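The structure appears below as structure tokens.
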Amino acid sequence: MSQALIATEKQIEDLDPREYIIIKRARVNNLKNLSVAIPRNKLVVITGLSGSGKSSLAFDTLFAEGQRMYVESLSSYARQFLGRMEKPEVDYIKGVSPAIAIEQKVNTRNPRSTVGTTTEIYDYLKLLFARIGKTYSPVSGKEVKRDTVSTVVDYINGLPQGTRVMIACPLLIKKGRKLHDELNLLLSKGFARILVDGEMKFIEEILTPPVPEGKKKAPAKAARITGEIEVLIDRASVQPDDEDTTFRLSDSVQTAFFEGEGDCIVYAEGSKKTHFSDRFELDGMTFTEPSINFFSFNNPYGACQTCEGFGKVLGIDEDLVVPDKSLSVYEGAIAPWRSETMGEWQKPLVKNGIKFDFPIHRPYNELTKAQQELLWNGNSYFEGINEFFRYLESKTHKIQYRVLLSRYRGRTNCPDCKGTRLRKDAQYVKIADTSITDIVLLPIEEALVFFNSLKLPVHDQKVSERILTEIKSRLEYLAKVGLGYLTLNRITSTLSGGEYQRIKLATSLGSALVGSMYILDEPSIGLHPKDTDRMIQVLKTLRDLGNTVIVVEHEEEIMRAADQIIDIGPDAGSHGGELVFQGTLKEINGKVRSHTTDYLTGREEIVTPKVRRKWKDAVTVFGARENNLKNLTVKFPLSALTVVTGVSGSGKSTLIKKILYPVLGRLNGSVSEVPGKYDKIEGEFGKITQVEFVDQNPIGKSSRSNPISYVKAYDAIRNLYAEQPLSKQRGYKPAHFSFNVEGGRCDTCEGEGEIRVEMQFMADIFLKCESCHGKRFKQEILEVEYNGKNIADILDMTVEDALTFFQDKKAIYDKIFPLFDVGLGYVKLGQSSNSLSGGEAQRVKLASFLGRNSTEGHILFIFDEPTTGLHFHDIAKLLKAINALADIGHSVIVIEHNLEVIKCADWIIDLGPEGGEKKGGNLMFEGTPEDMVKKGKGFTAEFLREKFK
């Protein structure tokens, strides 16, 4: 046995837990008494075939123990569940650090979730703008300030020493009172003087004026006063060094603000009077002072009132009003004005366009922004499109107008907040002349440049130092994992699976913990080879901080960069669960044979097809310009394998998921989604009878959904068990063997096999049902057996074992075999859809199509990164299954980064050159892999050349 191979159990026991994480005899899932010592503070890759036991070791053993130890440190409320929380099935684990797991999860569909909120950067931005943001008036552009007692006293003390000053406030006469009533009240409060147009007068003299000569009695009413009246609060001379004077001034200013209801006036000898206000206002406008909720679109206080913080409203959709933007106004670009009746709205524009120099013969997409706005808003010569729809809305009591209006309604950007989700006055608050909405609309790499070059006053710098550190750290990690092209305002549900994985990774990395154990589940998902090196640097940075980084991974470059490789195998399912190899890349030699080591040493490889499929028909999309696509014209061959590739953010998902799929799906009535922006589609799309989008979403919404029911094999199995003698004797029907309906299933867990315990402070805990012990069915149902196995035993079988068990039952065998064909031989038939990874769910869907064995019609299959979670050996199986679809005449389009798949394509569409709004969205190449190697430009062509050497 090689030194690089596994140490003996005795050697493992002698290791120091401060230097190694020691696992002895792990038996979780398919692990076969596996003992391993993982070095601490190293980058360790756990690899092996899909289903070999990698996740069982990393997550179900290591992370589960880390989580259990964490819960032990919590309150008694948490610990009451500990007796029921199952420990990993292992003799012992030593040296476990606090564990952080970043698993594969399907991204959220919450319309309020953005990149900024998911990464917590937006929370820090809200705090930053609430602390040091300055409010500027949109009228004058001047800063809005609230004067305080301190600012007024500082102003007075800044005057030359000995200067005489008077502190006053406006006299406010309350409704229903007269001047002499107010003066009497002031007198009772202890004020003696007022100022009339700046001239001092005694209140008593005004209330009781002196008796004129020759008169015995004073007038009954106070003297009549005209002019601006102010209450004199105090008089003093400027003495900055005298503490008593400063205290006295502070008290007087405080009184002035109170009596003047926010206004204070200071008269200084030799200068004009100066007004101060403690109200937050300027230019006749009252502003709201910044607070954290003021910048929150998930809070009613900060959200835009029109769209309620969603950024979109149901309004008139420009793409429905002007569906073909290559047409001019004269040619009928404006769809609702094409009819004879409604065409009357267009006649004034056509007739008078020359008078205001409007080009009625120019295509809509060539009009300037100002000309397009003129078309919508109108002028004195014609009423615009907006006025036309206002007219329709005024006639909605008639059904024909309601129907017409409904044709052009869609989700559009909110007219008030322009899609930014925040209340309008939040944009008045700025830091370095930049508002929070400006920042969230910047690409992350540009936002990082902004914060790195930000210069702040000393006070603001001290206040915001910690906040800025957190913001910059998180932005840097997002840029490092290849997401610099995204904006913080981007809705999470519009991200690809790979982008979402890396956002979760960057969020965890941004916290920069030390002495922890990070367990990552394939961080390379969705990464172009160009970005893999940056990902490796991020993982190494995490390791160098003093963390143990354990990565479950198939990516060759990450394996080569690891400090140590742990290979689990030799095969999947019941044939896996053993430690095949542990050591460095250099220690792999001819004596260590496994699928992983064979591929890493070049002994095994995925063979490039010698002959590409010849295709005649194609579908061509013209003018694709949704998101960052730059008016592309792209050809998609039929009856061939097409791979759409490009760096992350180049526009692959937009082109396929937002344009091609909805366009073709709407033509045959299977998709209701509105396509993105494009001009037209041409070609033999009439031949396509069905469009199937095979993504990585779960195979069912219910946790009861599983592979065997998805491929329609469970019906035949239930029928088989209902035909058994004991079933007939007891009157059991096929429904008794279903866990979806009442009858035979366990009543306690309702066929789930487990009970969910809701935990308020952490993720919910799932515990095995105590009634059926995870079997899902009642005991009497489990008494029915076929060849010594009950229905629960069948659900617990792997696909591979089931094929052997049902080899003489063709109806069942034929339905299950496609699961084995796509590399899922290790998956259990009854495994809950919740526990399947995105890649596994996608391959179950592929198996269901293969199981139909349909040669009728022409189906277009679209796969979104199907190699997710696949080992080299399994990719070969997957390619065989996908090619089987193309071989019987169907069309296959694959969105993929994996070079093994790219080199096997009949046709490549490469977008780029990079990602994002500015650098992505261009068509770099379309053609065969051989042509790409010869004359292709861009990163994909560069990496593909290496594969053809």
Side-chain angles (χ1 to χ4, degrees), residues 30 48-52 54-55 104 497 522 525 554 569 571-576 595 599 606-607 609 641 643 692-700 705-714 797-804 806 812-833 835-855 859-888 890-896 898 900-901 904-905:
N30 67 335
L49 297 189
S50 305
S52 60
K54 306 182 300 297
S55 295
Q104 289 184 35
E522 299 189 55
I525 292 171
H554 298 293
D571 286 300
S574 55
H575 303 297
H595 293 296
Y599 273 96
I606 295 172
V607 180
L641 171 57
V643 173
E692 293 290 349
F693 190 84
V694 189
D695 59 14
Q696 296 182 9
N697 289 334
I699 56 175
S705 60
N706 53 39
I708 193 174
S709 58
Y710 194 84
V711 297
K712 307 290 190 241
Y714 197 45
M797 278 184 180
T798 64
V799 169
E800 191 173 357
D801 294 339
L803 288 174
T804 306
F806 290 115
I812 300 173
Y813 184 91
D814 289 348
K815 291 284 187 186
I816 298 175
F817 186 76
L819 288 168
F820 179 78
D821 221 15
V822 296
L824 293 176
Y826 60 90
V827 169
K828 291 182 178 178
L829 295 181
Q831 191 168 331
S832 170
S833 64
S835 65
L836 295 174
S837 69
E840 287 169 338
Q842 193 175 35
R843 294 198 293 284
V844 170
K845 294 175 188 176
L846 171 58
S848 76
F849 293 121
L850 292 172
R852 294 176 196 171
N853 199 22
S854 174
T855 54
I859 305 174
L860 170 64
F861 290 95
I862 300 172
F863 292 92
D864 187 7
E865 299 185 25
T867 62
T868 298
L870 282 188
H871 188 273
F872 308 105
H873 187 68
D874 297 311
I875 291 173
K877 286 184 184 177
L878 177 75
L879 279 170
K880 187 178 176 184
I882 287 177
N883 278 310
L885 296 171
D887 288 340
I888 57 174
H890 298 308
S891 301
V892 182
I893 295 174
V894 181
I895 303 170
E896 191 54 84
N898 190 287
E900 303 294 343
V901 176
C904 295

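None of these values were measured; they are calculated from a predicted model.
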Any [X] side-chain heavy atom under 4.5 Å of [Y] side chain:
{"X": "I893", "Y": "F863", "answer": "no"}
{"X": "I816", "Y": "F820", "answer": "no"}
{"X": "S574", "Y": "N30", "answer": "no"}
{"X": "Q842", "Y": "D864", "answer": "yes"}
{"X": "S891", "Y": "I859", "answer": "no"}
{"X": "V844", "Y": "L846", "answer": "no"}
{"X": "E840", "Y": "L824", "answer": "yes"}
{"X": "V799", "Y": "Y826", "answer": "no"}

- prompt: How close do A847 and P818 get, heavy atom to heavy atom, and via which atoms?
  reply: O-CB, 3.3 Å
- prompt: For the rings on H890 and F861, is their centre-to-centre separation under 6.0 Å?
  reply: yes
Can you tell me if [X] uses its side chain to pair, donor with acceptor, with the backbone of [Y] under 3.5 Å?
{"X": "K54", "Y": "L49", "value": "yes"}
{"X": "K845", "Y": "D695", "value": "yes"}
{"X": "N883", "Y": "L879", "value": "yes"}

task: Check the pair V894 / L641 against side-chain contact (heavy atoms from CB on, under 4.5 Å), numbers first and verdict last.
output: CA-CA 8 Å; V894 181; L641 171 57; 3.8 Å; yes
Full working for side-chain hydrogen bond (donor to acceptor under 3.5 Å, both in side chains) between D571 and H595: CA-CA 8 Å; D571 286 300; H595 293 296; 3.0 Å; yes
field: D874 and R843 ion-paired at < 4.0 Å
entry: no
query: How are the rings of Y599 and H871 set to each other: parallel, tilted or perpendicular (split at 30° and 60°)?
result: perpendicular
query: Looking just at side-chain N and O atoms, do E896 and T867 make a donor-acceptor pair shorter than 3.5 Å?
result: yes
query: Have T798 and D801 got a donor and an acceptor in their side chains that come within less than 3.5 Å?
result: yes
